[in-house]
Amino acid sequence: MSKKIYLDYQATTPVDPNILKKMMPFFNENFGNPHSNNHEVGRYAANAVEEARENIANLINAQKSEIIFTSGATESNNFAIKSIANNYFDKDCQIITVETEHKCVLESCHSLNQEGFKVHYLEVNEEGLINLENLEKLLKEKKSLVSIMSANNEIGVKQEIKKIGELCKKYNSIFHSDVAQSLGTEKIDVEEMNIDALSISAHKIYGPKGIGLLLIDEDINLEPLILGGGQEYGLRSGTLPVPLVVGFARAIEVAVLNQKKNAEKLLLHRNNLLEGLFENNSGLLINGSMKKRLPHNLNLSVLDLNGAKFHKLLKSKIICSSGSACSNGE
């Protein structure tokens, strides 16, 4: 790895050493079960979890009681879409998403479609962006559950999340967004963006794998998908992994506090890379909008060369990806 250039940070990031340092005591020294509240060891762990929950809520302008810890954005997306559709709405509601959404969102919508829900898949234009007028036409028809990610996990284009939230609020619909790819460089304010449900993963922002969250507006009543001891306000049973929760909160804090600096630095690197590529190569095409794109994303097509052959040319020096990790093998 030390001799190679890693260019697959949208798939995952290494754990920041300072974040790992903050996590370590909760693996052995402060190892208590946060749900064992009748002794000080458990209460210490519980306090760490609640402090993490409160810190995260403050950073994205949410309420502490709205945050449910999960195993990651895939679980959060499944939970939000399936539970809202089945428990908050009735079968007369419609579900709206985008053809280029994350696979877990598309699969969740497909599952609900088989249960009898009407699902609309919005098309994207040549820049990878949806047409807001088409979304509004659908919202006028009936109450909807809208699930649209803030930034695409492959081509990195950013949808107009704030305007989507405004439309959903106008037509009394629920808006869910997966912001896992954008939190490190884009400001996320759930109140300002009118987001009712939000999904995040820690491992996209230099935190540990296996932890994420679902933010759900306190006015939305859900039924749990996982039953057991009634943890996480009765919505997700199971013992919380305290080290991961602590690391997650620290990762979000570092990401949010450094968003502007990170975005500027990454944009400079990306533009330098792009300039060098086009100076030395013909037959390159950029996929998606350059104006509405994450600063750390560059998605290219190489004419007359497929992804597998391209990887063979690069594998001795560069680690990159021809698609999202969740679509590997397709």
Side-chain angles (χ1 to χ4, degrees), residues 12-80 82-84 86-88 104 179-180 183 190 197-256:
T12 197
T13 60
V15 177
D16 182 286
N18 292 322
I19 292 170
L20 182 61
K21 184 177 180 180
K22 191 170 182 67
M23 294 167 57
M24 289 305 294
F26 293 93
F27 283 108
N28 46 28
E29 297 171 28
N30 306 317
F31 60 88
N33 187 322
H35 314 298
S36 298
N37 58 10
N38 58 346
H39 54 70
E40 62 183 19
V41 178
R43 287 194 294 272
Y44 187 88
N47 289 338
V49 167
E50 294 313 308
E51 182 181 341
R53 198 190 309 270
E54 185 169 7
N55 289 343
I56 292 171
N58 291 336
L59 288 165
I60 58 176
N61 195 22
Q63 300 299 315
K64 176 183 173 182
S65 59
E66 296 175 325
I67 291 176
I68 304 160
F69 289 114
T70 67
S71 63
T74 290
E75 181 189 337
S76 298
N77 290 342
N78 272 263
F79 190 3
K82 293 176 182 177
S83 197
I84 291 173
N86 282 309
N87 302 308
Y88 187 74
C104 68
V179 303
L183 184 64
V190 295
L198 183 92
S199 301
I200 306 176
S201 264
H203 74 100
K204 305 289 188 179
I205 50 172
Y206 298 87
K209 296 176 179 64
I211 188 72
L213 68 78
L214 170 63
L215 178 143
I216 193 81
D217 188 278
E218 55 189 359
D219 294 329
I220 300 175
N221 297 315
L222 300 182
E223 293 294 324
L225 292 183
I226 299 175
L227 301 173
Q231 290 90 347
E232 292 302 275
Y233 309 111
L235 291 174
R236 186 187 186 268
S237 293
T239 302
L240 283 175
V242 182
L244 304 187
V245 170
V246 170
F248 185 20
R250 180 57 180 157
I252 291 181
E253 181 181 11
V254 172
V256 170

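Sequential numbering from 1 along the given sequence is applied to the chain's residues. The figures that follow rest on heavy atoms only: side chains count, while hydrogens, waters and symmetry mates do not.
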Item to complete: Quick one: pull up CG in Asn221 and OH in Tyr88 and give me the separation to the nearest 0.5 Å.
Response: 8.0 Å
Item to complete: Enumerate the residue pairs fulfilling salt bridge (Lys or Arg N to Asp or Glu O under 4.0 Å) with a member in residues 16-30, sequence neighbours excluded, ordered by first and then second residue.
Response: none
Item to complete: Compare all side-chain heavy atoms of Pro224 with those of Arg236 and state whether any distance is below 4.5 angstrom.
Response: no
Worksheet item: Quick one: do the Lys204 and Thr12 side chains pair a donor with an acceptor below 3.5 Å?
Response: no
Discussion item. Ignoring hydrogens, what is the shortest heavy-atom contact between Asp219 and Asp217? Give both atom names and the distance.
Written reply: N-OD1, 2.8 Å
Worksheet item: Between Ile205 and Ile252, what is the shortest heavy-atom contact and its length?
Response: CD1-CG1, 3.7 Å
Discussion item. Return the CD1 to CZ distance between Ile200 and Phe248, rounded to the nearest 0.5 Å.
Written reply: 5.0 Å
Discussion item. So which atom in Val15 and which in Pro208 form the shortest heavy-atom distance, rounded to 0.1 Å?
Written reply: CG2-CA, 3.9 Å
Fill in: Residues forming a salt bridge (Lys or Arg N to Asp or Glu O under 4.0 Å) with Arg53, sequence neighbours excluded
Glu50, Glu232
Worksheet item: Under the 3.5 angstrom rule, does the side chain of Glu253 hit a backbone N or O of Ala249 as a donor-acceptor pair?
Response: no
Worksheet entry | Non-hydrogen side-chain atoms of Ile56 and Ile67 separated by less than 4.5 Å | yes
Worksheet entry | Over all atoms of both residues, closest heavy-atom pair of Pro243 and Met23 | O-CG, 3.2 Å
Worksheet entry | Passing candidate, side-chain contact (heavy atoms from CB on, under 4.5 Å) with Thr70, options Leu235, Leu214, Asn77, Leu225 | Leu214
Practice prompt. For residues Ser71 and Lys209, determine if any side-chain heavy atom of one lies less than 4.5 Å from a side-chain heavy atom of the other.
Written response: no
Worksheet item: Yes or no on side chain to side chain contact (heavy atoms under 4.5 Å, CB included) for Val49 and Phe69, after CA distance, side-chain angles and deciding distance?
Response: CA-CA 10 Å; Val49 167; Phe69 289 114; 4.1 Å; yes
Fill in: Rounded distance [0.5 Å steps], CG in Leu215 versus CD in Glu66
5.0 Å
Worksheet item: Between Ile60 and Leu198, is a side chain to side chain contact (heavy atoms under 4.5 Å, CB included) present by the stated rule, with each step listed?
Response: CA-CA 10 Å; Ile60 58 176; Leu198 183 92; 3.9 Å; yes
Practice prompt. Quick one: pull up NZ in Lys64 and CG in Asn55 and give me the separation to the nearest 0.5 Å.
Written response: 9.5 Å
Fill in: Side-chain ion pair, Arg43 and Glu40, N-O less than 4.0 Å
no
Fill in: Heavy-atom closest pair, residues Gly247 and Ile19
O-CG2, 3.5 Å
Item to complete: Measure across Gly207 and Thr13 and return the closest heavy-atom pair with its distance rounded to 0.1 Å.
Response: N-OG1, 4.3 Å
Worksheet item: How long is the span from the OG atom in Ser201 to the CD1 atom in Ile211, to the nearest 0.5 Å?
Response: 9.0 Å
Worksheet item: Counting N and O atoms only, with roles assigned by atom type, does the side chain of Ser237 sit under 3.5 Å from a partner on the main chain of Gly230, one being a donor and the other an acceptor?
Response: yes
Practice prompt. Measure from the side-chain N and O atoms of Ser76 to the backbone N and O of Ser199, and report whether any donor-acceptor pair falls under 3.5 Å.
Written response: no
Worksheet, complete the sentence: Rounded to the nearest 0.5 angstrom, the CG-NZ distance for Asn86 and Lys82 is 9.5 Å
Item to complete: Flag the pair Val41 / Ser36 as yes when at least one side-chain heavy-atom distance between them is below 4.5 Å, and no otherwise.
Response: no
Worksheet item: Should Phe31 and Tyr44 count as side-chain neighbours, where that means a heavy-atom distance under 4.5 Å?
Response: no
Discussion item. Looking at Leu240, is its backbone amide N or carbonyl O close enough to the side chain of His35 to form a donor-acceptor pair, meaning the two atoms are under 3.5 Å apart?
Written reply: yes
